[in-house]
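Report on the structure given below.
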Amino acid sequence: MYLVLHREGDAEPTRWVYDYKKLMSVEREDIERRTGRNFSQFTQDVQQGSSLCRRALLFTYLRRDHPKTKFEDVDFGWDELKLEYSKQEYTAMREAVLESMHGDELAAALGAIDRDIETAFDDAEAGEGKARLPIAG
């Protein structure tokens with residue numbers, strides 16, 4: 001999964017690999033302090049669209065690149081920041097759907113996933129390796 005920032009006027013988006021298991025303990029603790037959520041709840045809230053949680057996550061990645069970044073300075077338009085699955089993650093989801101759904105429900109799910117696969121970022125091109133099913137935990 002990727003955290004993607006695409007500000008108006010930028011030719012290309014900035015893309016960070018978002019794997020909540022790879023955040024350092026200091027980063028997780030800082031996120032908990034800033035959001036008032038334990039880390040498990042934070043990971044779920046990021047996926048569900050919490051603005052505060054997404055801002056804290058963006059701050060974490062921006063601070064890695066620019067250590068002097070201040071939380072107060074992190075601002076974004078809602079349409080400028082999103083989470084995206086990779087082609088490999090969509091492919092894994094597709095395989096799981098094939099095993100768990102049938103009939104019209106399966107056809108609808110496959111149609112939606114196949115549309116998303118067409119435009120998804122390819123981990124293989126970025127050298128990210130094998131995709132895992134996205135799990136908030």
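All of these numbers come straight from a predicted model, not from anything done at the bench.
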Full working for side chain to side chain contact (heavy atoms under 4.5 Å, CB included) between V74 and T69: CA-CA 8 Å; V74 175; T69 300; 4.0 Å; yes
L98 vs L110, side chain to side chain contact (heavy atoms under 4.5 Å, CB included): CA-CA, chis, key distance, verdict: CA-CA 8 Å; L98 283 169; L110 290 177; 3.9 Å; yes
Candidate pair T14 and V4, rule side chain to side chain contact (heavy atoms under 4.5 Å, CB included), full reasoning: CA-CA 6 Å; T14 303; V4 180; over 6 Å; no
Residues C53, R37; criterion side chain to side chain contact (heavy atoms under 4.5 Å, CB included); working and verdict: CA-CA 9 Å; C53 291; R37 292 164 169 89; 3.5 Å; yes
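In the hydrophobic clustering of this structure, M24 does not group with L58; members are Ile, Leu, Val, Met, Phe, Trp, Tyr whose side-chain heavy atoms approach within less than 4.5 Å, directly or through other members. Y18 and V26 are assigned to two separate hydrophobic clusters, defined by single-linkage of ILVMFWY side chains at heavy-atom distances under 4.5 Å.
Side-chain contact between M1 and D19: absent, with no pair of heavy atoms (C-beta onward) separated by less than 4.5 Å. Contact annotation: the side chain of T60 approaches that of L23 to within less than 4.5 Å [non-hydrogen atoms, C-beta and beyond]. Inter-residue side-chain proximity for I113 and T91 is flagged as unmet; no heavy-atom pair is nearer than 4.5 Å. Under the 4.5 Å side-chain criterion, counting only non-hydrogen atoms from C-beta, D122 is in contact with Q88. Here the side chains of F121 and Y2 are in contact, with some heavy-atom distance below 4.5 Å. Between L3 and R15, the closest side-chain pair of non-hydrogen atoms is not below 4.5 Å. Inter-residue side-chain proximity for Y20 and F39 is flagged as met; some heavy-atom pair is nearer than 4.5 Å. Using a 4.5 Å heavy-atom threshold, the side chains of E29 and R33 count as touching.
To the nearest 0.5 Å, the span separating OG on S86 from CG on D116 amounts to 11.5 Å. Taken from OG in S100 to CD in E105, the straight-line distance is 7.5 Å, to the nearest 0.5 Å. Between atom OG1 of residue T35 and atom CZ of residue F59 there is a gap of 12.5 Å, rounded to the nearest 0.5 Å.
In summary, E27 and R63 do not engage in a salt bridge, as defined by a charged side-chain N under 4.0 Å from a carboxylate O. Ion pairing between a basic and an acidic side chain is recognised when a charged N comes within 4.0 Å of a carboxylate O; K82 and E84 show such pairing.
In this structure, K87 and A120 approach most closely via the heavy-atom pair CE-O, 3.2 Å. Scanning both residues, A56 and F42, for their nearest heavy atoms gives CB-CE1, 4.4 Å. The two residues M101 and A109 come nearest to each other via the heavy atoms SD-CB, 3.7 Å.
Within a 6.0 Å sphere centred on CG of D104, heavy atoms belonging to other residues, nucleotides or ligands number 12 at most. Atom CD of Q48 has more than 12 heavy atoms from other residues, nucleotides or ligands within 6.0 Å.
Not one N or O on the side chain of R54 forms a donor-acceptor pair closer than 3.5 Å with the backbone of S50. Side-chain atoms of E99 do not come within 3.5 Å of backbone N or O of A96 as any donor-acceptor pair. H102 places no side-chain N or O within donor-acceptor distance of the main-chain N or O of L106, the cut-off being under 3.5 Å. Without hydrogens or angle criteria, E80 side chain to G77 main chain gives a donor-acceptor distance under 3.5 Å.
Put simply, the residue from N38, T43, D45 that forms a side chain to side chain donor-acceptor pair (under 3.5 Å) with Q41 is D45.
Between W16 and Y61, the ring planes are parallel. Angles under 30° get that label, and only those over 60° would be called perpendicular.
R34 forms a cation-pi arrangement with F71, by the criterion of a distance under 6.0 Å to the ring centre and an angle within 45° of the ring axis.
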